[in-house]
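As structure tokens, the structure follows; a few thoughts come after it.
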Amino acid sequence: MWEGLDAVDWAALTHNYGSAQDLPELLRACAGDDREEAEDAVSELSNSFFHDGGWICSAAPAALPFVLRMAADASLAPGVREWLLELVGDLAADAPRGGPGVDPGWWPAWERALPHLLALLGDPLPVIRRRASRALRCCDTPGEQLLPGLLAALAAEDDPALRLDLLLTLGRAARREPAGPHGPEALGLLRALLADGDSLQERHAALLALVPEEPELPAGHAELLVAALRDPDARQWAEQGALTRVYSRTTALFAAPGPAAAFVRALLRDHPDAAHRAAALEQAGALLAEWRSPTADLLPVLAARLDDPAPEVRRLALDLLACLGPAAVTPHADRIAALLEDDPVADTALWALARGGDPRCVPALRGAPAGFGSSGQHFGLGVRGHWPVLPALHEVLALLPGHAQDLMPVVEQELARQGDRTVAHRFGTVLAGWGTASRTAVERLLDLLAEELSWAPAAGALALLGPGVLGADAAARAREMLYARMNGADGGTDTGAGAGAGAGAGTAAWACWRLGGDPEAAVDALAAHLHRPAALRMLADLGPHAARCAGRLRVRAADRDAWVGVEAAGALWAATGEAEAAVPALLSALRGLEEGRHLPVMPTAVRQLARIGPAARPAAPLLRAALAGDRRLRSNAAWRGFVEDEELRTAAAEALVAVQG
């Protein structure tokens, strides 16, 4: 196995962590007798070669033959062999021919290794055959080199699940030119299986393999695909959760919302297997996360799943109703409230009621339920689909200003938490949004105002609540502490305020003004930080007091940083009432909104247009087009994406009314 290992000049090669001179010992450890140590070594090897991907290091070609020899060694643990082949597949997927970052030695090494990888398609263990198939599916090798071995392996394969995997690999290889003389044979076999395969699953796999060549196939085979997914033999796809994966992959074949909604509706019909019911709901979530129009069609089916015997299915249904908002929750609020006593789904039911503004959520929230985390999670759109994620406690409380008095003890308790440097930001924001605070909560904020790591968000919350809520004595105490920071006592930092280091005096001066202090001092302090969006936002709050900054604000409105441009445009309008520079800056930040594009800065830009009113009339066509679009306007996945779409559309509708006068 190790022939030639010591002949390689490993010290001259590199991997993700530098010199590759440690690789001989690491490779040998992968084949060690101690399984736990071997698994740890494989994990370390994977990190050294692949980690987050993006390049093929110079050590990878030298190590490839030894990795494949271990993968073929039946004396090693199957898990070790499988993970080694998974690494080979990761590297193969990361090494397109002519791609940047691929070591020149990779492709010659890959060509030499290919026969050994193809031979593993005949390994006695199904898991090894599967991993070999997937590694070949990921690579960029022309079909003429792969198809003979794949066709032979398919003819010999008697494992139904592995036949499905091989069909997908065969379809991928047949599309890689030059496909050679076996290319037409492979495509002909796939078409024959689609037309008259021995099983629904083979017909399904054949269609998936052919779709890139024949994208019109799904529309004509929707009934076949529904039947195949709902068939008990669909469990053949279910290795390590792949049932959901094949549901997702198949639903994704229907790009337009109308056909996709019809397909998902068919999947949502009752099924005796809870895993299928859950997979169908996940497809409904993915569809609803992307498009608005299927909501009315799918909502009754989602509501019907509130009574499902499987907790995971109930949880998925509750989550989707919560995501869709009050209009989806309110008609079913009694049934949702009954699930507050259903332990596996109680937190999700509570979230749904809060999203609907139902007062029955309040008693449970007063207990600060553990299911809601302390910090909000954000998920980007890199992965298609939808998954249930509960918001953080402060995000739930923020939805319930009408119940502020009943929920105030929760905020008081959280503000009193020791050692949490973000508590002032999270729960101070809740109080500011509610527009009210208890005497105890105010005292907690004043305590936090004296702490170095939390003073800035505490100052922001106190400032937004204002003297009317705080009372004269508390406002005066806050001003006294803020004056000290304005004048240099601990005023050099602004931890947690979003304005950045060195802007602390500006935050303090703005908050001091909001609590009855000098506006000119606030303008002076903020004017030094007009390259910071937070400082511009505070300056806009000062309105005409900031008019002397107009020249610099005009320059900043054209800034390449979208956040700086938008906040500067808002500040310019608030200070001077000038629309000539402000409106173009705001429209620039909204580029692509009419086509469904969403950036986090866009809601702010839309609200600025609403404040400007008729002088921003050029924005009307863009706002109308955005409101007419069916695609959800979001930058995040999970529940946050639904809320982003809802909030931006509400803001756009209000802005359209305002700009049209």
Side-chain angles (χ1 to χ4, degrees), residues 456 459-460 463-464 466 482-483 485-487 491 494 497-591 593 599-620 622-623 651 654-655 658-661:
L464 293 173
L482 291 167
Y483 276 133
R485 294 192 181 277
M486 287 169 56
N487 294 321
D494 198 9
T507 300
W510 164 78
C512 195
W513 164 70
R514 291 276 306 196
L515 295 172
D518 180 13
E520 297 305 318
V523 173
D524 288 341
L526 292 168
H529 301 285
L530 298 188
H531 58 297
R532 300 183 186 279
L536 289 162
R537 192 177 310 123
M538 287 183 272
L539 195 68
D541 198 28
L542 282 146
H545 294 295
R548 54 191 166 92
C549 298
R552 296 168 63 194
L553 290 173
R554 292 186 196 100
V555 173
R556 289 293 176 189
D559 199 283
R560 293 173 62 183
D561 183 300
W563 274 109
V564 171
V566 165
E567 297 291 4
L572 179 63
W573 169 259
T576 67
E578 295 179 24
E580 292 80 1
V583 172
L586 298 173
L587 291 176
S588 177
L590 295 173
R591 190 176 297 117
L593 177 63
L599 296 173
V601 73
M602 287 179 171
T604 299
V606 169
R607 293 185 188 102
Q608 303 284 25
L609 290 169
R611 293 186 188 101
I612 292 173
R617 188 177 293 273
L622 181 149
L623 294 170
E654 293 172 354
V659 303
Q660 292 180 143

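Since the structure is predicted, the reported quantities are computational estimates derived from the model, not experimental observations.
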Measure the spacing between [atom1] of [X] and [atom2] of [Y] and express it to the nearest 0.5 Å.
| X | Y | atom1 | atom2 | result |
| --- | --- | --- | --- | --- |
| Arg591 | Leu622 | CZ | CG | 10.5 Å |
| Trp510 | Asp541 | CH2 | CG | 6.0 Å |
| Leu464 | Leu515 | CG | CG | 9.5 Å |
| Thr604 | Leu599 | OG1 | CG | 11.5 Å |

Testing the basics here: between [X] and [Y], what is the closest heavy-atom pair and its distance to 0.1 Å?
| X | Y | result |
| --- | --- | --- |
| Leu482 | Ala508 | O-CB, 3.7 Å |
| Leu542 | Trp513 | CD2-CD2, 3.4 Å |
| Leu530 | Leu536 | O-CD1, 3.4 Å |
| Ala459 | Ala511 | O-CB, 3.8 Å |
| Leu553 | Ala568 | O-CB, 3.9 Å |
| Ala585 | Ala557 | CB-O, 3.1 Å |

(request) With the side chain counted from C-beta on, respond yes when His531 and Val564 share a heavy-atom pair under 4.5 Å apart, and no when they do not. (result)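 Sidechains of Val564 and His531: no contact.
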Answer yes or no: is there a donor N or O on one side and an acceptor on the other, between the side chain of [X] and the main chain of [Y], under 3.5 Å?
| X | Y | value |
| --- | --- | --- |
| Thr576 | Leu572 | yes |
| Arg617 | Gln660 | yes |
| Arg548 | Val523 | no |

(message) Under the salt bridge (charged side-chain N to carboxylate O under 4.0 Å, His left out) definition, can you give me all pairs with a residue in residues 556-568, not counting sequence neighbours?
(response)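 Found Arg537-Glu567, Arg556-Asp559.
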(message) One pair to check against side-chain contact (heavy atoms from CB on, under 4.5 Å): Arg554 and Arg552. What are the steps and the verdict?
(response) CA-CA 5 Å; Arg554 292 186 196 100; Arg552 296 168 63 194; over 6 Å; no
